[in-house]
S.K.: 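One structure coming up, written as structure tokens, with questions to follow.
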Amino acid sequence: MAPKPSRYSPLWRLHHSLRLRLVQRPYSPIAVQSQGAAIDRRSFAPDAASIASSIKYHAEFTPLFSPERFELPKAFFATAQSVCDALIINWNATYDYHEKANVKQAYYLSMEFLQGRALLNAIGNLELTDAYGEALSKLGHNLENVACQESDAALGNGGLGRLASCFLDSLATLNYPAWGYGLRYKYGLFKQRITKDGQEEVAEDWLEMGSPWEIVRNDVSYPVKFHGKVVEGSDGKRYWIGGEDIKAVAYDVPIPGYKTRTTINLRLWSTKVPSEDFDLYAFNSGEHTKACEAQANAEKICYVLYPGDESMEGKILRLKQQYTLCSASLQDIIARFKRRSGGQVNWEDFPEKVAVQMNDTHPTLCIPELMRILMDLEGISWKEAWGITQRTVAYTNHTVLPEALEKWSLELMEKLLPRHVEIIQMIDEELIQKIISEYGTSNADLLEKKLTAMRILENVDLPASIADLFVKPKEIPAVNLSEEPESSDEELVPTDLDEPKEGLQKKKKVDMEPIPAVNLSEEPESSDEELVPTDLDEPKEGLQKKKKVDMEPIPAANLSEEPESSEEELVPTDLDEPKEGLQKKKKVDMEPIPKPPKMVHMANLCVVGGHAVNGVAEIHSEIVKEDVFNEFYKLWPEKFQNKTNGVTPRRWIKFCNPYLSDIITKWTGTEDWVLHTEKLAELRKFADNKDLQIEWRAAKRSNKMKVVSFLKEKTGYSISPDAMFDVQVKRIHEYKRQLLNILGIVYRYKKMKEMSASERKAKFVPRVCIFGGKAFATYVQAKRIVKFITDVGSTVNHDPEIGDLLKVVFVPDYNVTVAELLIPASELSQHISTAGMEASGTSNMKFAMNGCILIGTLDGANVEIRQEVGSENFFLFGARAPEIAGLRKERAEGKFVPDPRFEEVKKFVRSGVFGPYDYDELMGSLEGNKGYGRADYFLVGKDFPSYVECQEKVDEAYQDQR
């Protein structure tokens, strides 16, 4: 390795000079905010020559590659390190300012941050794009080619993670004191490959050569514990001891704002154990796997985003991930609060200095973890800690899908996080008392309904004092008791269930004396039911009362038929056995439904433990209030609010679509729209200007030409830039209805095949239908949809009769970088989820702001986009959200009549035209009236006719290019 240059050498002086020029001037966020305007940096921006020298310096003295050649990978790392020189100084200055000012700071906790590439975004925000382009040109490289060497950071998957990243960009740009917290996934979700069998998953390799943007903070690490047990000390405190201990180490990534020196932090946690946990004795004994077991168990926590949770090991790993994020982040936040407080820590000030935002339910364990730290480590009382926690934490809900509102097994959580379960149980009891104080106890049915909907602990016994409220006397129907032998059964159960077996045996001997003429052969089981209370939480007194009623004398008994066997099944051999033992005996005779598992409802805990709950679009926030959390909304209406998602216009217009950006700046007369998007409204007055229309179409075609080259390289398919680019790119899920899109394409293809060449050309506008997105590795139906799309594409794209009239392309491994290429080139974008099921969506915003027309349902942010752009600029179809429940009910009742066109397209698919794969399971999900995986839950068949008709309107409109 070459030595570092002496600080007195000309090279060192050149590099130091460049760093100072990149710093530009003393940091002053106050000045920036008070002036209300961005600082003009152009007057002291470094020139291309200085930047080129800096890049050469890093290539030689911060080497990651051999010194012989300056090829693209080496050029990328040297360029990124050059940019980091500026970012680190701004970053440190931002941190120092916030530390000294002791400002209130926001902390955004998310399991995902879908960053995308950082180089172009960073130099764009620093306003150095042209300078870096020129500098690299001097060094024999093109900026775009160098930027392409960067891998997307594999820290997210879909809209949840992209929203988090857009938030950080905007927080920095607006000079807010804020940090993001996440996990540093080594292998990401997965890298998607498309083969003849559909989707295949392989590990991401984004850290294979390291990341030039991250800095490991070896002095910032925190202990994280799993398993163990909770004991009470002599001081009365609860102590969580034993178990498995790991260490979370901080890796920091700078997030620069646009036209500001504010650079905030994304802190990612990586997990490990100390070197002494490596079992050297076992290793030297040949037990190599055992020797590395502790390290492997720690490191795998941060291997993969959303590991499959079909197995118990997968569930444990996911819960470990969530707790690691929450525990390490809160320990870090609290350490910073204490440091900033100096010698006098006032915990009542904590919510005045700290705001913790939970991005969905994944960081829910923040609530019991903050409580644990405050009570067990800081010695604060329950009441104080609960008040501090509720004032500090807030929750963003991202879904109305029941399966996505996380529920964890109570048994699993007790094993992994025993102290947290104790705290959650206390929070649940606090909630129960709140509900009772609000609604009283006079109406037991209402109270039971509220508790069922709102409790954090599901299928868990109520506290005894509360359970007494729900004891209901059993109604005895008017039946002829001469046919049923209740009396003999009742005598078998002692009044006190703690009575020993001998007492029971003696009773049986007395009761089994011959009684004349009762025939038990008809229904001996009925007596069993009388022995067990309807609610097994009902106290013993309830059972005793039943006995008093049932002990009415029964005339004329005959025990010759020996009904004892059914009685014996009802009585446990050991009366110390829990009530579940009695239920199990009943199962033999009664075949009841198994007892549901005890669960922790994380979304309910979020609502109870935080001071604010927000949805992410107007329609979604209304559904949250009126449906998902309606009972909570009635109790705490002040907690609920709407925060419609947004996207950063820097990455999603200015940097990814420079052609359009230049047009907007030219016609609005300013670049202020990058920070103040309301200024885009200025373009309306030029809508009919022919010069603007020509420039707009030229920009779109330039972007389309890039996509033509990209798709040829990635898929081998050649497409025409003259065709309409029709794009649906998002996570593959049934509710997002990629299946509706591809069935519409199949219908279009079938109709084309039924026409002559001239009829086809007259009827249809040429289209390239582009799909992209990942199906979760264990989501079988989503993977079938991917396979179906690729099979349709393989058939259609090789059909000489169709040619360029229709192409179907699935883009493999869709990510932020691919989105930055496809979105500016798109002309129609599909956002066609079942109404009421998409919380917001953010890609719809990105497409709309890049001059793309949307086709969609009234769902998520579509509603607000349509209001903004005008109904005439939005192709609307499909059922509305309030109709969905009724339509599903009609389907269940067998009242749905499918459209003939829908039946026609399913039959066409089953004909084998798209290859030998059996699509019966996929088509079958759209058929039937009930049953798991059946009955078209997402209403593809219902919306298909209006979707096809709406697409005909799209064709018609596309022909008018003005």
Side-chain angles (χ1 to χ4, degrees), residues 399-405 449 452-453 593 617-631 733-747 779-782 784-785 788 830-839 841 855-860 862-863 866 874-910 919-953:
T399 185
V400 299
L401 296 176
E403 66 268 23
L405 295 170
K449 177 189 169 190
T452 300
I593 298 171
E618 282 182 5
I619 184 173
H620 170 236
S621 295
E622 289 306 308
I623 291 170
V624 164
K625 291 190 293 189
E626 300 303 323
D627 183 13
V628 182
F629 298 124
N630 182 247
E631 297 297 345
H733 197 291
E734 288 170 277
Y735 89 83
K736 293 179 182 287
R737 298 203 296 190
Q738 286 92 351
L739 185 55
L740 175 60
N741 185 352
I742 192 63
L743 287 175
I745 292 167
V746 168
Y747 181 77
Y779 189 176
V780 175
Q781 193 75 326
R784 285 191 186 118
I785 293 169
F788 183 37
Q830 306 215 23
H831 304 273
I832 57 178
S833 52
T834 311
M837 301 197 76
E838 183 74 85
I855 179 172
T857 52
L858 275 183
D859 198 22
N862 283 1
V863 178
R866 184 169 177 264
F874 189 104
F875 290 97
L876 179 67
F877 76 96
R880 308 303 194 254
E883 302 170 343
I884 301 300
L887 291 169
R888 286 181 180 141
K889 184 171 181 287
E890 280 182 19
R891 181 75 181 233
E893 293 168 352
K895 296 177 182 176
F896 173 69
V897 179
D899 188 89
R901 291 167 289 186
F902 188 57
E903 295 301 289
E904 180 184 346
V905 80
K906 286 189 297 174
K907 184 178 178 182
F908 189 57
V909 171
R910 284 183 165 129
Y919 283 109
D920 246 11
E921 287 284 346
L922 188 58
M923 294 300 106
S925 69
L926 307 173
E927 297 170 339
N929 296 324
K930 57 183 66 175
Y932 179 75
R934 303 276 294 172
D936 193 11
Y937 184 78
F938 301 99
L939 304 181
V940 173
K942 172 64 182 176
D943 282 350
F944 184 79
S946 61
Y947 176 71
V948 168
E949 289 157 12
C950 195
Q951 287 285 16
E952 290 172 358
K953 294 176 184 175

S.K.: Would you check if L743 and M923 make a side-chain contact, meaning some heavy-atom pair closer than 4.5 Å?
M.R.: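 Yes, side chains in contact.
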S.K.: So, the side chain of N630 versus the backbone of K625: is there a donor-acceptor pair under 3.5 Å, distance only?
M.R.: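 Yes; judged by distance alone, with no hydrogens or angles, the pair exists.
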S.K.: Within the 4.5 Å heavy-atom criterion, are L739 and E734 side-chain neighbours or not?
M.R.: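 Contact flag for L739/E734 side chains = no.
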S.K.: Can you find a pair of side-chain heavy atoms, one from E838 and one from R737, that are under 4.5 Å apart?
M.R.: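 Answer no - side chains too far apart.
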S.K.: Checking R910 side chain against Y919 main chain: does a donor-acceptor pair fall under 3.5 Å?
M.R.: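 Side chain of R910 to backbone of Y919: no pair is present.
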S.K.: Within the distance-only criterion (no hydrogens, no angle test), does the side chain of R880 pair as donor or acceptor with the backbone N or O of A835 below 3.5 angstrom?
M.R.: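 Such a contact is absent between R880 side chain and A835 backbone.
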S.K.: Drop me the distance from N862's CG to I855's CD1, to the nearest 0.5 angstrom.
M.R.: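 Reported to 0.5 Å precision, the distance equals 10.5 Å.
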S.K.: Which heavy atom of G860 sits nearest to which heavy atom of A617, and what is that distance?
M.R.: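 That would be C-CB, 3.7 Å.
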S.K.: Would you say the side chain of K942 lies within less than 4.5 Å of the side chain of D936, judging by non-hydrogen atoms?
M.R.: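 A side-chain contact under 4.5 Å is absent here.
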S.K.: Crowded around E921 CD? As in, over 12 foreign heavy atoms under 6.0 Å?
M.R.: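 Atom CD in E921 is not crowded, with 12 or fewer foreign heavy atoms closer than 6.0 Å.
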S.K.: Within a 6.0 Å radius of atom NZ on K736, are there more than 12 heavy atoms belonging to other residues, nucleotides or ligands?
M.R.: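 Enclosed: over 12 neighbouring heavy atoms sit under 6.0 Å from NZ of K736.
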S.K.: Working note: F877 + Y947, criterion ring-ring contact (aromatic ring centres under 6.0 Å, His included); need CA distance, chi angles, decisive distance, verdict.
M.R.: CA-CA 6 Å; F877 76 96; Y947 176 71; 5.2 Å; yes
S.K.: Using 0.5 Å steps for rounding, measure from the CG atom of N929 to the CZ atom of R934.
M.R.: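 Between N929 CG and R934 CZ, I get 9.0 Å after rounding to 0.5 Å.
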S.K.: Going through the distances and angles, do E893 and K889 end up as a salt bridge (charged side-chain N to carboxylate O under 4.0 Å, His left out)?
M.R.: CA-CA 6 Å; E893 293 168 352; K889 184 171 181 287; 2.7 Å; yes
S.K.: If the threshold is 4.0 Å, N to carboxylate O, is there a salt bridge linking R901 and E952?
M.R.: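 E952 and R901: not salt-bridged.
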S.K.: When you look at Q951 and Y747, which way does the side-chain contact (heavy atoms from CB on, under 4.5 Å) test go after all the steps?
M.R.: CA-CA 11 Å; Q951 287 285 16; Y747 181 77; over 6 Å; no
S.K.: Starting at CD of Q781, measure out to CZ of F788 and round the result to the nearest 0.5 Å.
M.R.: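 Between atom CD of Q781 and atom CZ of F788 there are 11.5 Å.
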S.K.: Supply the atom-to-atom distance F938 CZ to R888 CZ, rounded to the nearest 0.5 angstrom.
M.R.: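 The CZ atom of R888 is 7.0 Å from CZ of F938, to the nearest 0.5 Å.
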S.K.: Measure the shortest side-chain to side-chain distance between V909 and V746 over non-hydrogen atoms and say whether it is less than 4.5 angstrom.
M.R.: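 Result yes, sub-4.5 Å side-chain heavy-atom pair found.
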S.K.: Indicate yes or no: does E904 engage K907 in a salt bridge with an N to O separation below 4.0 Å.
M.R.: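 No.
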S.K.: Less than 4.5 Å apart, side chain to side chain, heavy atoms only: is that true for I623 and V628?
M.R.: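 SC-SC contact between I623 and V628 confirmed.
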S.K.: Closest heavy-atom contact between D899 and P945?
M.R.: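 So the two residues come closest at CB-CG, 3.4 Å.
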S.K.: So, applying side chain to side chain contact (heavy atoms under 4.5 Å, CB included) with L740, which one of I832, L939, L926, T857 is it?
M.R.: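 Between L740 and the candidates, side chain to side chain contact (heavy atoms under 4.5 Å, CB included) is satisfied uniquely by I832.
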S.K.: Return the orientation label for the Y779 and H733 ring planes: parallel under 30°, perpendicular over 60°, tilted otherwise.
M.R.: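 Taking H733 first and then Y779, their aromatic rings stand perpendicular (interplane angle over 60°).
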S.K.: Would the distance check show the side chain of S925 and the main-chain N or O of L922 forming a donor-acceptor pair, the cut-off being under 3.5 Å?
M.R.: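 Yes, the answer is positive, given that a donor and an acceptor are paired below the 3.5 Å cut-off.
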S.K.: Is the shortest heavy-atom distance from the side chain of H831 to the side chain of F874 under 4.5 Å?
M.R.: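 Side chain of H831 against side chain of F874, heavy atoms only: no contact under 4.5 Å found.
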S.K.: Roughly how far, to the nearest 0.5 Å, is the CD atom of E626 from the OG atom of S621?
M.R.: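 Separation between the atoms: 11.5 Å.
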S.K.: Tell me if a side-chain donor or acceptor on D943 pairs with a main-chain N or O of A879 at a distance below 3.5 Å.
M.R.: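 Here the side-chain-to-backbone pair exists.
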S.K.: Does a side-chain heavy-atom distance below 4.5 Å link F896 with R891?
M.R.: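 With C-beta onward as the side chain, the pair touches.
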